[in-house]
Amino acid sequence: MTGHMKTKILIVAYPTQGHINPSLRFANRLVKLNVDVTYCTSVSVIRRIDIQSTHHGLTFVPFSDGNDNGIQPTTIWQQFFLDFSTNGASAVAEIISSAATAGQPFDHVVYSSGVPWAAKVANAHGLESSLLWCQAAIVLNIYYYYFNGYQDLISCNNNNPTFPIDLPGLPSLTIADLPSFMLPSCLKEHKFILEFMKDHVDVLKISPRILVNTFDELEVEAMKAIEKLVVLPVGPLVPSEFLDGNGLSYDSIGCDLFEKPVEDYIKWLNAKQKSSVVYVSFGSLATLSIEQVEEMASGLVESGRPFLWVIRDGDQVGKLSKIEELKKQGMIVSWCSQVEVLTHEAIGCFVMHGGWNSTVEALVAGVPTVVFSQWSDQAINAKMIEDVWKTGVKVKRREGDGMVERKEIKRCVQMVMEDEEMRRNAEKWRELARQALGNGGSSAVNLQAFVDDVQDKTIIYKNGQDEHVKKGFESQES
Ligand code: UDP
């Protein structure tokens, strides 16, 4: 820490919506704790932020990653990752050295998942860094174990979805629960992601501290599973304006990578009864096949309930056979402000893909879910929703082609809308999420501990419901 100046933290974020949202929300929280934050990512993201409205203490530094128009339908993911890594590493090195040359050096670097190279760049400049992991803590544990002793067991049995995988300190899993990149069903063009995850696990040797968008009570076991890792839950990372009470409300900067729709969906929701609307969205990346979209449409129509459905691909909407019927019963939009929708009292359930941000946002809003997982970490998120937190159900797929039929969608929507116990559980998690962020709550304590540690003070952090006092985070052997 540099003399009496404010602590300066550089955040480097991966440029997809699922990483921008939690990292920007994290940046807003740090600013609230009087930290001077520089937020750095691709031009394609930063140009969508209304810089004029930003608060004092939050500075944006864009760099060109070679894909200035952002992700396109034609984007080849491996190339995109590579371009971002190569251009990002030199840009971040330059940002760190110019700040030092100008006499305003950074004290610390926080990098989101997807950016493991930032730990190496920080290290090369003599700076410590922390990972801001944007998925569940258990997912990081699984990757860690995979690259530390369990790769053979998993690879040799990954054709058998029910094969049990017991990893120390974690609940019993099966092959089907693991990240899709470890499974034979992984698309060829996504296979490189596993290598990328290896980099993430490797750099934990130089940067063992991990801030996670989760909270203590939500993942008690995962938080403590691996002793070598310092896991600090600092979530749920949601925009503070949607968290009532606890004095948490302040203006936070957000960034939507998609255009706002023309439809006034909030006005539409305002006219609906409490807990009556089914909200349907599959995040920012996944796209369902047109046949699957048709099944979903029929399932929603047959459920007889009003729905708000995000379909990002306008061409798909144009192809829908029941469009007139759908428009009578619900509203289809190309994008929405999801947290605002989820916290609207008209929403009764959320049909989703199980992306981690959506999972956390649903928990914070106290909305029960129907989970139709697609890829990556979504299967394990779905499992935890159904088996551990008991706030929703997983859809069952048809044998053979994996299609989720209309009657299954109708069944799950009906079940989640009507199940009192699930609603009570959702309410319980809503409260626990707020407590974690409130005064003295575990995530609030951890975030302060992190800031204090960057400032080199004795810190207290809460993890796995134990309280630890530690003089800084000594770099740990891995
Ligand atoms: N989101 C949104 N509006 C939409 C769809 C998604 O604001 O219409 C946001 C959502 O709130 C979440 C993020 O986009 O914060 C998606 O992240 P998630 O991890 O759920 O899924 P991903 O897009 O990474 O698959």
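Whatever order the structure lists them in is the order used to number ligands and atoms, beginning at 1.
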Undergrad: Who gets closest to atom 16 (C) of ligand 1 by heavy atom: S358, S281, G355?
TA: S358
Undergrad: Can you name the atoms of ligand 1, numbered from 1 with element, that are less than 4.0 Å from a heavy atom of G283?
TA: 23 (O)
Undergrad: Does the pair K319/D315 count as a salt bridge with the N-to-O cut at 4.0 Å?
TA: no
Undergrad: Counting the benzene-type ring for Trp, do W117 and Y111 have ring centres under 6.0 Å apart?
TA: no
Undergrad: Considering only protein heavy atoms, which is closest to atom 24 (O) of ligand 1, and at what distance to one decimal place?
TA: G18 CA, 3.7 Å
Undergrad: Can an N or O of S337 be found at a distance shorter than 3.5 Å from an N or O of ligand 1?
TA: no
Undergrad: One thing to verify: whether R411 and E408 come together as a salt bridge, which I'm taking to mean a side-chain N less than 4.0 angstrom from a carboxylate O.
TA: yes
Undergrad: For atom 23 (O) of ligand 1, find the nearest protein heavy atom and state the residue, atom name and distance (0.1 Å precision).
TA: S284 OG, 2.5 Å
Undergrad: Report the member of F282, W335, Y265 with the shortest heavy-atom distance to atom 5 (C) of ligand 1.
TA: W335
Undergrad: Do D256 and Q338 come close enough that some side-chain heavy atom pair is under 4.5 Å?
TA: no
Undergrad: Check each of E361, E340, Q378 against atom 15 (O) of ligand 1 and report the one with the nearest heavy atom.
TA: E361
Undergrad: Indicate, as side chain, backbone, both or neither, the part of N21 found under 4.0 angstrom from ligand 1 when only non-hydrogen atoms are considered.
TA: side chain
Undergrad: Looking at V351, V404, V280, I409, which one forms a side-chain contact (heavy atoms from CB on, under 4.5 Å) with V370?
TA: V351
Undergrad: Does an N or O anywhere in V310 fall below 3.5 Å from an N or O of ligand 1?
TA: no
Undergrad: Which atoms of ligand 1 sit under 4.0 Å from any heavy atom of Q338?
TA: 1 (N), 2 (C), 3 (N), 5 (C), 6 (C), 7 (O), 10 (C), 11 (O)
Undergrad: If you measure from the Lys or Arg side-chain nitrogens to the Asp or Glu carboxylate oxygens, is any gap between E418 and R305 under 4.0 Å?
TA: yes
Undergrad: For a ring pair (Phe, Tyr, Trp, His ring centres under 6.0 Å) with H190, tell me which candidate from W375, F80, F81, F196 qualifies.
TA: W375
Undergrad: How close does the nearest protein non-hydrogen atom get to atom 3 (N) of ligand 1, and which residue and atom is it?
TA: C336 O, 2.6 Å
Undergrad: With side-chain hydrogen bond (donor to acceptor under 3.5 Å, both in side chains) as the criterion, how do S373 and K394 come out once you've worked through the C-alpha distance, each side chain's angles and the decisive distance to 0.1 Å?
TA: CA-CA 8 Å; S373 60; K394 294 195 282 193; over 6 Å; no
Undergrad: Tell me, which protein residue and heavy-atom name are nearest atom 19 (O) of ligand 1, and how many Å apart are they?
TA: N357 ND2, 2.9 Å
Undergrad: Please report the C-alpha distance between N87 and D83 in whole Å, then the side-chain angles of each, then the deciding distance to 0.1 Å, and finally whether the side-chain hydrogen bond (donor to acceptor under 3.5 Å, both in side chains) criterion is met.
TA: CA-CA 6 Å; N87 295 310; D83 290 346; 5.1 Å; no
Undergrad: Between Y14 and F84 (judged by ring centroids, cut-off 6.0 Å), do the two rings come close enough to count as a pair?
TA: yes
Undergrad: As an exercise, identify every atom of ligand 1 less than 4.0 angstrom from a heavy atom of W356.
TA: 19 (O)
Undergrad: Give me the nearest non-hydrogen protein atom to atom 14 (O) of ligand 1 as residue plus atom name, then the distance to 0.1 Å.
TA: Q17 CG, 3.4 Å
Undergrad: Select one of side chain, backbone, both or neither to describe which atoms of H353 lie under 4.0 Å from any atom of ligand 1, heavy atoms only.
TA: side chain
